[in-house]
Protein chains: 2
Amino acid sequence: MDIKIVDVAAKAGVSPATVSRVLNESSSVTSKTKAKVMKAIEELGYHPNAVAKNLRSQKSMTIGVIVPDINASYFAEIIKGIENVAYASKYKVIICDAENQKEKEAEYLTLLMNRTVDAAILIAPLMSDEEICQISEKGYSLAVVGRYIEHDRIPCIYTDNVKFSKEVVQHLVENGHRDIVFLSGYAEAIDSYERLEGYLKALRDHHIPFRPELIENGNFNEEGGYEAMKRLFDKNLRFTAVFAANDEMALGVYKACAERDIAIPSQLAVVGVDNNRISKYITPTLSTVNQPKYTMGALLVEKLIDQMNENQFHDKRTFKVDSELIVRGSSNFRRE
Amino acid sequence: MDIKIVDVAAKAGVSPATVSRVLNESSSVTSKTKAKVMKAIEELGYHPNAVAKNLRSQKSMTIGVIVPDINASYFAEIIKGIENVAYASKYKVIICDAENQKEKEAEYLTLLMNRTVDAAILIAPLMSDEEICQISEKGYSLAVVGRYIEHDRIPCIYTDNVKFSKEVVQHLVENGHRDIVFLSGYAEAIDSYERLEGYLKALRDHHIPFRPELIENGNFNEEGGYEAMKRLFDKNLRFTAVFAANDEMALGVYKACAERDIAIPSQLAVVGVDNNRISKYITPTLSTVNQPKYTMGALLVEKLIDQMNENQFHDKRTFKVDSELIVRGSSNFRRE
DNA sequence: AAATAATTTGAAATCGATTTCAGGATAAAT
DNA sequence: ATTTATCCTGAAATCGATTTCAAATTATTT
């Protein structure tokens with residue numbers, strides 16, 4: 001614990017500079033002295049102090065990720081993509097959980113920015129575009145998942161919510177549905193807004209009148225979907241399909257249906273979003289929209305690392321990725 | 001970005017020492033000079049360099065957590081417990097995903113140990129007890145979730161697997177089952193071993209002969225449970241209940257049953273472990289064992305911080321926590 | 001064998017903060 | 001008014017590594 005580079009140097013009979021050289025292979029060292037140093041390191045059980053190292057070398061070879069909720073598999077997959085690509089480029093990844101709190105998000109970002117990491121990736125950040133840009137202006141490396149950012153130094157990647165929402169509605173319409181419930185996540189979330197937009201556009205394309213009473217909000221979780229669905233059932237509205245903001249909420253829909261003996265898909269079609277691992281395993285299997293979560297993380301961090309290495313800003317730094325509709329049992333049924 | 005404490009000091013017309021004092025409120029400063037310093041900080045947009053600060057003060061007020069898989073809600077809940085208690089004590093928490101790889105676990109632990117954090121918490125670590133103790137001996141603060149560690153400086157918290165496994169089997173036996181499948185997670189995992197032990201003990205207690213062919217292995221995930229169940233069905237064995245290593249695997253069992261039109265619980269009772277959020281939402285609702293995940297994280301980190309502050313080792317540093325069986329639809333059925 | 005080039009090595013500066021120690025200013029006590 | 005105690009402040013040391021620069025060593029060329 002208390003062994004420092006000078007101790008190793010003393011034991012090996014060389015200078016600290018030389019020990020540093022063998023440690024980092026930063027310049028050539030005679031194989032003989034190298035052996036002496038290695039032996040000393042081994043015998044003393046020396047571990048270099050990363051804090052001192054980072055201070056002097058002005059880098060840490062780590063990337064920080066701030067995630068809104070560590071208990072959401074959607075984000076976990078993105079992080080896996082980030083981690084694997086970063087790791088392959090010798091970067092380590094540390095993750096901070098903002099717990100959907102703006103204040104915590106800001107605090108953790110401050111922690112990361114204060115040179116603890118070389119760059120930070122914000123996943124579905126709560127803070128505004130302006131705040132993000134301001135931080136970037138101060139000279140910190142940033143990247144953003146889940147939102148388009150208008151700033152030439154911030155790589156970002158996001159999905160075309162409007163497009164896939166239209167596809168979902170189109171699919172339901174083709175199967176004979178005209179009264180389609182839209183179960184939104186947080187009403188404030190940008191994703192919710194864009195998905196609603198796609199839903200509305202698709203309705204218009206098919207000359208289906210919009211019925212505002214078919215919109216309900218949940219919280220992107222099972223309970224939210226369940227409660228929202230109960231409210232709808234209680235209102236005795238006419239509808240034959242549900243487009244849920246994500247698969248967790250769709251599972252809530254399943255439960256609400258089970259309680260009322262409503263059969264999926266014959267009485268009610270359900271489509272979720274995210275292609276959660278469970279969606280293949282529940283009964284009936286859940287139709288959903290597959291987002292290339294892993295790839296999104298991987299692509300973004302690749303770009304970020306590129307940018308840090310070359311120390312210049314690429315022309316192509318924003319990525320809008322496509323999602324694909326996966327039709328499974330919960331909506332694979334044609335109404336006459 | 002390039003603004004340092006000396007710049008602030010110069011602008012405010014004071015020494016760096018004084019700036020440091022207002023920053024850390026480490027000793028009293030005249031309200032007049034304090035105002036000058038604050039103004040300079042504000043105008044320059046100064047952020048202290050945490051690396052330099054940590055080097056000098058020999059602490060970072062952060063705790064690192066190494067988790068085997070960031071995409072497992074079981075661990076996520078533990079981390080929430082850790083994070084909230086740590087945060088309340090002014091500690092920040094950073095998380096590293098070892099992705100079930102021993103090598104990655106070791107690398108991330110090295111990263112954390114090199115003074116990046118003040119202490120590290122290992123969740124269900126892959127490395128051996130000996131390795132963990134060795135690291136502690138070098139003077140690093142460690143704590144462990146999910147395993148008992150024989151070392152007077154390492155707080156640890158773990159569940160009584162044997163006990164709740166016996167309870168699960170007891171519950172099934174009371175409902176008329178005698179041929180109970182045991183779906184293990186990884187065969188090597190200590191949890192799997194202890195749960196098997198509980199299963200065997202309970203059988204013995206009820207004078208039920210052990211049938212080795214009723215043991216199958218999965219991987220703690222949906223697919224593992226599904227595949228294992230298919231293998232069992234294919235062998236045409238006689239059984240009326242399944243005790244799955246966790247809820248994800250139980251969901252795999254659900255799917256395998258759905259495909260063969262086997263009704264749960266009337267034809268097959270199912271019990272999982274972990275009380276995953278989905279377990280309340282699937283149909284039928286899943287009987288499971290609730291582990292106090294959040295509390296485990298919270299309790300452990302509280303002890304860890306205590307130990308760091310007081311700089312002494314408490315008498316009570318190991319915690320064996322109890323879990324409770326939650327009977328729901330999937331096993332709430334009495335065979336005659 | 002001498003001169004030159006290339007390679008190793010070490011002393012000292014450096015990264016950017018905190019902290020110690022001592023001196024100066026101010027307040028309290030005599 | 002002088003002494004004593006208290007409070008602020010700054011100069012310099014420090015944390016533990018890396019990195020620069022120059023000296024020393026070794027290898028190469030003539």
For the atom pair NZ (A/K92) and OG1 (B/T110), what is the distance rounded to the nearest 0.5 Å?
-> 9.0 Å
Spacing of A/I5 atom CD1 relative to C/dC15 atom P, expressed in whole Å | 18 Å
Starting at atom CD of A/E25, determine the distance to atom P of C/dT8, rounded to an integer number of angstrom.
-> 14 Å
Inspect the surroundings of OH in A/Y294 and state if more than 12 heavy atoms from other residues, nucleotides or ligands are less than 6.0 Å away.
-> yes
Between B/N54 and D/dC15, does any side-chain N or O lie under 4.0 Å from OP1 or OP2?
-> no
B/M38 atom CE, over 12 foreign heavy atoms within 6.0 Å | no
Looking only at side-chain atoms of B/S28, point me to the closest of D/dT20, D/dC8, C/dT18.
-> D/dC8
A/L55 has an atom CG; how far is it from atom C1' of C/dT18, in whole Å?
-> 12 Å
Presence of salt bridge, A/K80 and B/D69, under 4.0 angstrom | yes
C/dT18 C1' sits how many Å from B/L23 CG, rounded?
-> 11 Å
Does a side-chain N or O from A/Q58 land closer than 4.0 Å to OP1 or OP2 of C/dT14, or not?
-> no
Which of these nucleotides, D/dA17, C/dT9, D/dG10, is closest to any side-chain atom of A/N49?
-> D/dA17
Any side-chain N or O of A/Y46 under 4.0 Å from OP1/OP2 of D/dG16?
-> no
Can you tell which of C/dT18, C/dG16, D/dT9 lies closest to the side chain of B/K53?
-> C/dT18
Grab the NZ-P distance between B/K4 and C/dT14 for me, whole Å please.
-> 11 Å
Could you state the atom-to-atom distance from CG of B/N24 to P of C/dT18 in whole Å?
-> 4 Å
By nearest-heavy-atom nucleotide on DNA chain C, the more 5' of A/S57 and B/R21 is A/S57
Quick one: pull up CD1 in B/I95 and CD1 in A/I94 and give me the separation to the nearest 0.5 Å.
-> 9.5 Å
Begin with the C-alpha distance, continue with both residues' side-chain angles, and end with the deciding distance and a verdict on side-chain hydrogen bond (donor to acceptor under 3.5 Å, both in side chains) for B/E107 and A/Y87.
-> CA-CA 11 Å; B/E107 272 204 59; A/Y87 198 84; 2.7 Å; yes
Nearest to side-chain heavy atoms of A/S27, which nucleotide of D/dG16, D/dT9, C/dT9 = C/dT9
Starting at NZ of B/K59 and ending at P of C/dA17, how long is that distance when rounded to a whole Å?
-> 17 Å
May I ask you to evaluate whether B/T18 reaches the phosphate of D/dG10, defined as a side-chain N or O under 4.0 Å from OP1 or OP2?
-> yes
Could you check whether B/V6 gets within reach of a base, just the sugar-phosphate, or nothing at all, counting any heavy atom under 4.0 Å?
-> nothing
Between C/dA17, D/dA17, D/dT9, which nucleotide has the shortest distance from any of its atoms to the side chain of B/R56?
-> C/dA17
Measure from the side-chain heavy atoms of B/S15 and tell me the nearest of D/dG10, C/dT18, D/dT18.
-> D/dG10
With sugar-phosphate meaning primed atoms plus P, OP1 and OP2, does B/T33 contact a base, only sugar-phosphate, or nothing at under 4.0 Å between heavy atoms?
-> sugar-phosphate
OP1 or OP2 of D/dC7 less than 4.0 angstrom from a side-chain nitrogen or oxygen of B/T30, does that happen here?
-> no
Interatomic distance where NZ belongs to B/K32 and C1' belongs to D/dC7 [whole Å] | 15 Å
A/V14 near the nucleic acid: base, sugar-phosphate alone, or nothing, with a heavy-atom cut-off under 4.0 Å?
-> sugar-phosphate
